[in-house]
Structures are given as C-alpha cells and as structure tokens.
Number of protein chains: 2
Amino acid sequence: MHHYPTSFLNNTIFQNIMAKNKNTEQKIFDAATELFIEKGVDRTSVRDIASKAGINLALMNYYFRSKENLFDAIFTNLVKKNTKDLVKILDSDLELDEKIKQYVAAYIDILLKNPLLVSFFMAILHRSREKITEMEVVSLLYGRDKFTQQIIDEGKKGNIRRTDPTHFYVDMISMITFPFAIRPMIMDKNELNDEEFIAFIHERKQHITEMLLKSIKPC
Amino acid sequence: MHHYPTSFLNNTIFQNIMAKNKNTEQKIFDAATELFIEKGVDRTSVRDIASKAGINLALMNYYFRSKENLFDAIFTNLVKKNTKDLVKILDSDLELDEKIKQYVAAYIDILLKNPLLVSFFMAILHRSREKITEMEVVSLLYGRDKFTQQIIDEGKKGNIRRTDPTHFYVDMISMITFPFAIRPMIMDKNELNDEEFIAFIHERKQHITEMLLKSIKPC
DNA sequence: TATTGTTTTAAACTGCATTTAAAACGAAAA
DNA sequence: TTTTCGTTTTAAATGCAGTTTAAAACAATA
C-alpha cells in the first residue's frame with residue numbers, strides 16, 4: 001500500500017505541500033520543464049529528468065504517478081500563468097473592434113513568448129485529441145461566452161453584419177494559432193530565418209485584425 | 001550484411017517490386033494503415049502490425065527498416081493519392097475568385113474524407129516539426145507559386161486590393177485546416193455531435209470563401 | 001546438384017516507463 | 001530517550017516498446 005503525496009494538481013492545498021515537498025517535487029517539476037523546452041516531451045526520458053533533478057528515478061512516479069501526469073501538471077501551470085490576460089480581454093466591456101485588436105495581439109504575444117505552449121498543445125492534440133476536452137484548463141484557451149453574446153448583440157443592433165460567432169471565433173484562433181504549428185513549413189517555403197519569421201508573425205497582428213474587422217463591417 | 005528489398009518509397013520501379021513482394025510488403029502496409037487509422041500511430045506497436053498482417057515481427061524492419069519509415073511510406077502514399085486535385089486548382093487558369101472558392105471546397109472535402117491525413121499531419125508536426133520540411137510530398141500541401149503570382153498581378157491591375165500573398169495563403173490554410181485539428185474542442189464547446197460538426201465544416205466552405213474574397217475586394 | 005541471393009524465423013538486445021519491497025528519515029507519542 | 005508510524009527515498013525488478021542478430025528456409029539459376 002502506497003502513500004502518494006497530495007498531488008501537485010490538487011491546488012486547494014497547494015500552499016501546504018509546497019511548504020513541505022518544495023525541494024524534491026519542485027526540483028522534478030523544474031527539471032522536467034527545462035528538459036521539455038529543450039528537447040521536447042517525447043525525447044526526454046524520466047531518467048533524464050531524474051538525473052537533471054538529482055533524484056532517484058522512482059521519485060518521479062512517487063510524486064506525479066506518471067510522466068503523463070507530470071506533463072499535465074506542467075501544461076496546466078503554464079496555461080494558467082499565461083492566459084489570465086486573454087480571458088480578461090474577452091470578458092471586458094471593450095468595444096468589439098478594440099477587443100478583437102487587443103485579443104489578437106495579446107494571444108500572439110503569448111505564443112511568441114512561450115514556444116512550449118505551442119508544442120504542448122500539439123503534443124496533447126496528437127496523443128489523444130479527445131483528452132483535451134477533459135482538461136478544464138483548456139477552457140482558458142477556448143472560452144468566449146460574453147464575446148459570443150457581444151457579436152450577436154452588435155449584429156442585431158446593426159453595428160456589424162450579422163455574424164455567426166462560432167465561425168468567427170474559430171477563424172480568429174485558427175489564424176492566430178495555426179501558423180505557429182506549421183512554423184518550419186512557413187519558414188522553409190518562404191525562406192525566412194527565425195528573426196524574419198517573428199517579424200512575419202508580428203505583421204500578422206494587424207493583418208488578422210483587419211481581416212476580421214473587414215468581415216464584420218456592415219455594408 | 002543484409003540485403004534490403006528495394007524500398008516501397010522508391011517508386012521508379014514500384015511496379016516491379018509489387019509483382020514480387022506484393023504479399024508480404026503489401027500485407028504489412030495494409031495492416032499498418034488500418035491499425036494507424038483505428039488506434040493512432042503511437043498506440044499501435046510493431047507487434048500489433050505483425051500479428052495483424054500474420055507475419056514475423058522482424059519482417060516489418062526487413063521491408064521498411066523502421067516503424068517511422070513505414071509511417072512515412074503510408075503518409076506519402078496518402079498525400080499523393082489525395083492532393084492531385086488541389087495542386088491542379090491552384091495552378092489552373094481560373095479567375096482568382098473562382099479558384100479560391102474551388103480550392104477551399106476541395107481542400108475541406110479531402111480532409112473530411114481522410115481523417116488519417118489530419119492525424120498524420122499532427123503526428124509529424126508533433127514528432128519533429130522540422131522533419132516536415134524534408135518531406136517533399138508536403139509541397140503538395142503547401143505549394144503556391146502560380147497562385148502567389150496571380151495575387152500580386154491582380155493587385156497591380158487593381159482588380160483586388162494589393163495583398164501580401166504569404167499572409168493570404170497562411171490565412172487560407174489556417175482557416176481550412178485548424179478546425180480539424182481541434183475538432184474535439186469545437187464539438188465539446190459548441191455541443192455538436194459528429195453529424196453537426198460535419199455540417200459546421202461544410203458551412204465553412206462558403207464562410208471561408210466569403211471571408212477571403214471580402215478581404216481582397218477593392219474598396 | 002551446388003551456389004547464390006532473398007525471405008522468413010526465433011531469439012536476443014536495448015532503452016523506456018513503471019512497480020515493488022525494503023530502507024532511511026522525521027516527527028510525534030510513550 | 002526510545003518507540004512508533006507515516007512519509008520519503010532507494011535499488012532492483014518488471015514488462016513492453018522498437019530494433020538487431022544469426023541462422024534457417026526458400027527460390028532461382030548456373
């Protein structure tokens with residue numbers, strides 16, 4: 001009979017564990033994060049993590065139960081840390097135009113700053129696409145109740161063309177996100193280096209905003 | 001010293017091998033294809049493939065050298081079979097409007113008909129994003145020389161707004177492709193069943209076309 | 001019939017995540 | 001202080017993955 005420590009994921013008593021297990025658990029968490037960034041999730045073994053964290057192999061399983069769990073913990077942590085602003089913008093009382101502009105720019109900046117976020121997302125989608133619906137934290141990346149209502153309302157008022165909010169939202173996140181997923185392809189086909197790709201992505205902030213606004217502008 | 005059979009990938013003498021090795025090589029290929037569809041690439045082991053094909057474990061490596069290679073062969077085959085039309089449309093002499101409309105519809109139909117294409121693409125992007133640039137066959141999914149020129153020309157002639165063809169093309173494939181990648185998320189958040197999701201995707205044909213055309217319409 | 005190259009086989013090898021069972025540790029109770 | 005008991009750590013084993021090896025079976029042909 002094993003006694004597993006309270007999970008990292010169970011953050012109601014997050015503070016308490018941290019006081020106690022800070023060293024080992026945090027060491028595993030940090031080492032894994034660094035290695036996942038550096039080599040990708042699949043190409044880092046738990047032995048790598050253990051040796052980088054300076055702990056015994058079995059401790060990874062003792063604290064996180066599995067590599068998959070550790071991955072989820074890191075991903076959840078990363079998403080939570082980075083998407084607060086995004087949700088705030090969508091739920092704000094900004095004018096629709098300004099809201100879209102800010103959302104697009106903020107989302108792109110987040111993805112530029114956190115390459116891990118992109119590759120984690122890809123990893124989850126790849127591993128089992130269904131799983132993503134089970135991760136509550138993903139709502140933070142696809143939650144838009146107020147925004148949806150706003151589009152419907154503005155359409156009724158005649159301030160914009162009547163627009164299907166689902167299509168509109170899918171368009172928006174597709175144009176923002178997908179280029180990061182196919183980054184090597186875009187760089188290769190357009191002969192861009194890293195710097196130029198980043199510039200291209202920055203251009204897209206304005207480009208996407210214009211595209212979206214033009215599509216809802218009333219005739 | 002081993003004597004590997006001429007590779008499946010080397011299709012200059014494709015016919016010849018097929019006459020000889022049809023049984024075993026094709027059995028492996030077919031079994032793997034079915035299992036990859038059914039359970040996903042990572043969740044099918046080479047032992048699964050061998051037992052489904054009714055052959056010895058080592059034969060998979062004898063014919064395809066590695067599981068990765070087998071995967072590539074299947075992917076390449078699948079892309080080649082399905083993207084002929086797509087390239088034809090982009091390279092045709094159609095009017096820009098009509099060309100965009102046909103391309104969007106054809107691309108979406110292909111992805112609807114071949115779920116494997118989507119998950120294979122994700123698998124490659126996930127495994128090593130860089131690898132995708134090495135697969136010549138991917139040009140078929142991202143090749144647009146004549147199309148690019150056409151957008152520039154029409155812009156100069158004043159038939160459309162002057163438009164950056166790279167952004168335009170990225171927008172187009174993002175809006176077409178990405179929704180398939182996040183299918184479970186869209187279904188979950190909008191409470192769609194399979195049938196409704198497919199209907200949603202069909203709607204997108206017209207939606208995306210309108211979106212793209214509106215963005216290049218001259219003021 | 002003997003030879004040579006090809007195809008198939010059984011078994012081993014390597015590296016991986018995970019599990020086990022026991023040992024070490026630390027704090028609280030006796 | 002010593003005992004006790006839950007927690008943390010350890011070394012070793014387990015089982016499954018892809019791949020490799022070396023020999024056997026087979027087929028064609030000289």
Side-chain angles (χ1 to χ4, degrees), chain A residues 1-8 10 13 16-29 31-32 35-36 39-74 123 126-128 131, chain B residues 1-8 10 13 16-29 31-32 35-36 38-74 123-124 126-128 131:
Chain A
M1 177 65 89
H2 279 258
H3 297 274
Y4 290 112
T6 312
S7 165
F8 203 97
N10 185 353
I13 41 170
N16 313 26
I17 343 160
M18 290 315 288
K20 245 194 148 185
N21 298 338
K22 189 180 238 155
N23 289 334
T24 304
E25 185 166 14
Q26 193 67 41
K27 268 192 302 193
I28 296 170
F29 191 89
L35 286 170
F36 285 173
K39 318 204 295 172
V41 178
D42 287 348
R43 280 176 294 281
T44 81
S45 67
V46 295
R47 284 167 180 78
D48 289 341
I49 297 171
S51 93
K52 172 142 196 165
I55 50 99
N56 182 281
L57 177 65
L59 282 178
M60 195 281 278
N61 278 71
Y62 176 69
Y63 281 104
F64 293 95
R65 291 211 338 279
S66 70
K67 187 187 175 189
E68 174 105 358
N69 242 290
L70 172 55
F71 170 85
D72 288 353
I74 293 176
H126 167 64
R127 210 168 304 208
S128 99
K131 187 187 158 184
Chain B
M1 177 65 87
H2 279 259
H3 296 275
Y4 291 111
T6 313
S7 165
F8 203 97
N10 186 354
I13 40 172
N16 312 28
I17 342 160
M18 291 314 287
K20 245 192 149 187
N21 298 337
K22 188 180 238 160
N23 291 333
T24 303
E25 185 165 15
Q26 193 67 41
K27 270 193 300 194
I28 296 170
F29 191 89
L35 287 170
F36 287 171
E38 194 183 314
K39 318 203 296 172
V41 179
D42 287 349
R43 281 176 294 282
T44 82
S45 68
V46 294
R47 283 169 179 80
D48 288 342
I49 297 171
S51 93
K52 173 143 197 164
I55 50 99
N56 182 280
L57 177 63
L59 282 178
M60 195 282 275
N61 279 73
Y62 177 69
Y63 282 103
F64 293 95
R65 292 210 340 278
S66 69
K67 186 188 176 188
E68 174 106 357
N69 240 289
L70 172 56
F71 171 84
D72 288 353
I74 294 176
I124 294 173
H126 167 63
R127 210 169 303 209
S128 98
K131 187 189 157 183

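Reminder, nothing fancy here: chain letters follow the sequence lines and each chain counts from 1. The figures that follow rest on heavy atoms only: side chains count, while hydrogens, waters and symmetry mates do not.
- In this structure, Lys67(B) NZ and Asp42(B) CG are separated by 6.0 Å, a value rounded to the nearest 0.5 Å.
- Between Tyr63(B) and the phosphate of dT8(C), there is a side-chain N or O to OP1/OP2 separation shorter than 4.0 Å.
- Between Ser45(B) and the phosphate of dC16(D), there is no side-chain N or O to OP1/OP2 separation shorter than 4.0 Å.
- Atom CG of residue Leu70(B) and atom CZ of residue Phe36(B) lie 5.0 Å apart, to the nearest 0.5 angstrom.
- With contacts defined as side-chain heavy-atom distances shorter than 4.5 Å, the pair Phe64(A)/Phe29(A) qualifies.
- Protein atom NZ of Lys27(B) is 11 Å distant from nucleotide atom C1' of dT8(C), rounded to whole Å.
- The 5' end of DNA chain C is approached more closely, in terms of each residue's nearest nucleotide, by Asp48(A) than by the other of Ala58(A) and Asp48(A).
- Residues meeting the side chain to side chain contact (heavy atoms under 4.5 Å, CB included) test with Ser51(A), sequence neighbours left out: none.
- Distance from the side chain of Ser66(B) is smallest for dT19(D) among the nucleotides dT8(C), dT7(D), dT19(D).
- Between the CD1 atom in Ile28(A) and the OG1 atom in Thr24(A) there is a gap of 6.5 Å [rounded to 0.5 Å].
- Not counting sequence neighbours, the partners of Lys52(B) by the side-chain hydrogen bond (donor to acceptor under 3.5 Å, both in side chains) test are Glu34(B).
- In this structure, Leu59(A) places its CG atom 14 Å from P of dC25(C), rounding to the nearest Å.
- Look at CD on Glu68(B): it is 8 Å from P on dT19(D), rounded to the nearest Å.
- For Asn56(A), the side-chain hydrogen bond (donor to acceptor under 3.5 Å, both in side chains) test picks out no residue, with sequence neighbours left out.
- Residues from residues 49-57 of chain B that place a heavy atom under 4.0 Å from any atom of DNA chain C, listed by number: Asn56(B).
- For the pair Arg43(A) CZ and dA17(C) P, the computed distance is 13 Å after rounding to whole Å.
- Using five terminal pairs a side, the axes of the helix from dT1(C)-dA30(D) to dA30(C)-dT1(D) at its two ends make an angle of 30°, given in steps of 10 degrees.
- A donor and an acceptor atom sit less than 3.5 Å apart, one in the side chain of Arg47(B) and one in the base of dG18(D).
- Between Glu38(B) atom CD and Arg43(B) atom CZ the span is 11.5 Å, to the nearest 0.5 Å.
- Counting to the nearest Å, the P atom of dT8(D) and the CE atom of Met60(A) are 17 Å from each other.
- Among residues two or more places apart in sequence or in another chain, the side-chain hydrogen bond (donor to acceptor under 3.5 Å, both in side chains) test is passed with Glu68(B) by Arg127(B), Lys131(B).
- In this entry the distance linking CG of Asp42(B) with C1' of dC16(D) reads 15 Å, nearest Å.
- Following rounding to the nearest Å, Lys67(B) (NZ) and dT19(D) (P) show an atom-to-atom distance of 8 Å.
- Going from atom CG of Asn61(A) over to atom C1' of dT19(C) covers 8 Å, rounded to whole Å.
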